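Predicted model, so just to flag it, every value in this text is computed and none were measured. Every chain is numbered from 1, with letters handed out A, B, ... down the list of sequences.
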Amino acid sequence: MDHRQLTERKTAEGYVLEELSEPEREEFEEHFFSCEECADEVKAAARFADNAKAVFGEDAAKVVAFPKPVRESPKSARWFRAVPWAATAAFAMLSSYQGFLVIPRLAGPQVASAVTLIEETRGELDQHVRRNGSFVPLRFDINTGQPSPRYVCELHKASGALVFTTEGDAPPEGQPMILLAPAAKLKPDSYILVVKRPGPAGSEVGRFSFVVDK
Amino acid sequence: MIGGRAAAGAFSAQFGLRSERGGRLYYAYTRGPLDRFHFDKEYVQRLTERDPDVERHFTAYFGDLLTIKLRSRLRQPQLVEDARQETFVRVLASLRRGNGVDHPERLGAFVNSVCNHVLLEFYRSDARSTPMTDDQAQPPDRQPSAESDLVSRENKQQVREILADLPERDRELLRMIFFEEKDKSEVCQKFNVGREYLRVLLHRAKLRFRTSMRKSARRTD
C-alpha cells in the first residue's frame with residue numbers, strides 16, 4: 001500500500017470508522033504495524049473515538065438523587081397528578097433539593113415507570129425492565145456502612161462489556177438513588193449495574209442485575 | 001482458550017515486566033510520537049536481552065495497536081486481552097529463541113503476523129467450544145471498557161472541550177456514530193452529508209486531539 005495515498009484518503013479514519021472492507025483492513029493493518037506515522041494516526045483516531053463515546057455516554061446517563069417529597073398542599077397535589085412523572089421529578093428537585101443535575105435531552109414531559117432494582121446478594125433474582133420513552137429510570141438503594149458523598153454507576157452487559165459509566169451526588173440518607181439510563185443503550189439483553197465509590201480504588205457498594213425485555 | 005491468563009502470568013514472571021492489576025501487564029500510556037526508539041537491530045537485540053526500557057516501549061507501542069485490531073474481531077473484552085497477551089508471549093519467545101525477524105524493521109509486521117495466527121486459533125477454539133446459534137450471532141462488542149488504555153479522565157476532558165467547540169450538527173453526527181452506533185449511511189442521509197464527510201470530521205477532531213495530547217505531555221515532562 002502506498003503510504004502517501006493512504007494518508008490522502010484518510011485511511012486511518014476510515015479504519016476507525018470501520019468503513020474498510022476486510023481485505024482493506026488486513027492490508028492496512030499490515031502497513032500500520034510497520035509504519036509509525038500511520039500507527040500514530042490510528043491510535044489518535046481510535047483514542048478520540050473511544051473517549052468521545054465515553055463523554056457522550058456520561059452526558060446521556062445522569063444519576064439523579066431522589067428528592068425528599070415536597071409537602072403537598074391541595075393545589076400542589078392536583079399539580080403533581082396532572083404533570084407526568086419525569087417532569088414532576090425535575091420540578092420537585094428544583095424546589096426541594098440542592099444537588100440536582102440538569103437532565104439533558106429531556107425535551108418534553110414524558111411518562112416513565114421507575115424500576116426498583118434489588119441487590120444480587122439477596123439470591124438469584126429475575127428482574128425485568130421494559131424500555132418506554134427516551135430514558136429508563138432505575139431506582140435502587142445503597143446499603144453501606146460508609147456512605148460516600150458521590151457514587152459511580154457502571155452499567156455492564158452480563159458478558160462484561162461496559163455500556164456506560166456516570167457519577168453523581170449521593171441521595172439523602174434513607175432515599176433511593178435513581179439512574180436515568182438512555183433507552184437507546186439498553187438493547188434487549190442481560191445487564192449488571194455496579195455502584196462504586198469514586199476514584200481508581202473505589203470500592204463496590206452495590207450490584208444489581210436485570211434483563212431488558214424485547 | 002489458548003494461553004490467556006496462564007500466559008499472562010507466565011509472561012510477567014518469565015520476562016520480568018512490571019505488572020499491575022493482579023498480574024496483568026501494565027502498558028505505559030503513549031502520549032506522543034515515540035522518537036526515542038527506532039525498530040532497528042539494536043532495538044531487537046535489547047528486546048531479546050530483556051532491556052526493561054525497550055520492553056516497556058515495545059508493550060506500550062504495540063499494546064494499543066493490538067487492542068484496536070483485536071476488538072474489531074473478538075466479541076468479548078476478556079478475549080481481546082487474552083489474545084493481546086498471547087501475541088506478546090509468542091513474539092518475545094520467538095525472538096529469544098532466535099526465530100525472530102531477519103530484518104529488524106519488519107518487527108511490526110512480525111507482531112501483526114503473530115496476532116493473525118493467534119486470532120485464527122481463537123476463532124477455531126471459540127467455534128469448537130461455543131457453537132453459534134442464531135441468538136448468539138451478534139457483532140463484536142466494541143464498548144470501551146472502564147479500564148481501557150484508550151480512555152482516561154484526561155483524554156475525556158480534552159475530547160469534551162473539542163466536542164464543545166464543534167458545530168451542533170457535527171457534534172450530533174459524532175454522537176450518533178460513536179455512541180448510538182447508528183448505521184452510517186442512514187446518519188449521513190439524515191444530515192445530508194457524504195460518507196467522506198465523516199472521515200474529514202474525524203480527521204479534524206483527531207488533529208486537535210493529538211495537539212492537545214502533546215501539549216499535555218509537554219506540560220508533564
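Heavy atoms of Y15(A) lying under 4.5 Å from chain B belong exclusively to its side chain. Using a 4.5 Å cut-off between heavy atoms, I177(B) touches chain A through its side chain atoms alone. Heavy atoms closer than 4.5 Å to chain A are found in both the backbone and the side chain of L198(B). Contacts between L207(B) and chain A at a heavy-atom distance below 4.5 Å are absent for every atom of the residue. Proximity to chain B (any heavy atom under 4.5 Å) is shown, for E37(A), by neither the backbone nor the side chain.
Taking both residues in full, the closest heavy atoms of I68(B) and A46(A) are given as CD1-CB, 3.6 Å, listed atom of the first, atom of the second, then distance. Taking all atoms of both residues into account, the shortest heavy-atom contact from R171(B) to F56(A) is O-CZ, 3.7 Å. Considering every non-hydrogen atom in both K156(B) and A54(A), the closest pair reads CD-CB, 3.7 Å. The two atoms that bring A161(A) and P77(B) nearest to each other are CA-CG, 4.2 Å, heavy atoms only. When all heavy atoms are compared, the tightest approach of L150(B) to N51(A) is O-ND2, 2.6 Å. Nearest heavy atoms, G57(A) versus F179(B): CA-CE1, 3.3 Å.
Note that CG of L107(B) and OG of S34(A) are 8.5 Å apart. Values are rounded to the nearest 0.5 Å.
Taking the side chain as every heavy atom from C-beta outward, D40(A) and R210(B) approach each other to under 4.5 Å. The shortest distance between side-chain heavy atoms of F33(A) and F62(B) falls below 4.5 Å. Side chains of R73(B) and E22(A) form a contact here, defined as non-hydrogen atoms less than 4.5 Å apart.
For R25(A) and S72(B), the side-chain atoms include at least one donor-acceptor pair closer than 3.5 Å.
The closest donor-acceptor contact from the side chain of K206(B) to the backbone of R47(A) lies at 3.5 Å or more, if one exists at all. Panel note: side chain N155(B), backbone F48(A); no donor-acceptor pair is recorded below 3.5 Å. Checking side-chain atoms of R199(B) against main-chain N and O of R9(A) turns up a donor-acceptor pair under 3.5 Å.
Annotation: N192(B), atom CG; neighbour count of heavy atoms from other residues, nucleotides and ligands within 6.0 Å does not exceed 12. Atom CD of E8(A) has more than 12 heavy atoms from other residues, nucleotides or ligands within 6.0 Å.
A salt bridge links R195(B) to E19(A): at least one charged side-chain nitrogen sits closer than 4.0 Å to a carboxylate oxygen. The pair E180(B)-K185(A) does not count as a salt bridge, with every side-chain nitrogen at least 4.0 angstrom from each carboxylate oxygen. In summary, R175(B) and D59(A) do not engage in a salt bridge, as defined by a charged side-chain N under 4.0 Å from a carboxylate O. The pair E13(A)-R204(B) does not count as a salt bridge, with every side-chain nitrogen at least 4.0 angstrom from each carboxylate oxygen.
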Show your reasoning for whether salt bridge (Lys or Arg N to Asp or Glu O under 4.0 Å) applies to E26(A) and K69(B). CA-CA 9 Å; E26(A) 290 176 1; K69(B) 173 188 169 84; over 6 Å; no
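With sequence neighbours left out, S203(A) forms a side-chain contact (heavy atoms from CB on, under 4.5 Å) with R197(A).
Counting heavy-atom pairs closer than 4.5 Å to chain B, the top residue among C35(A), A12(A), A39(A) is A39(A).
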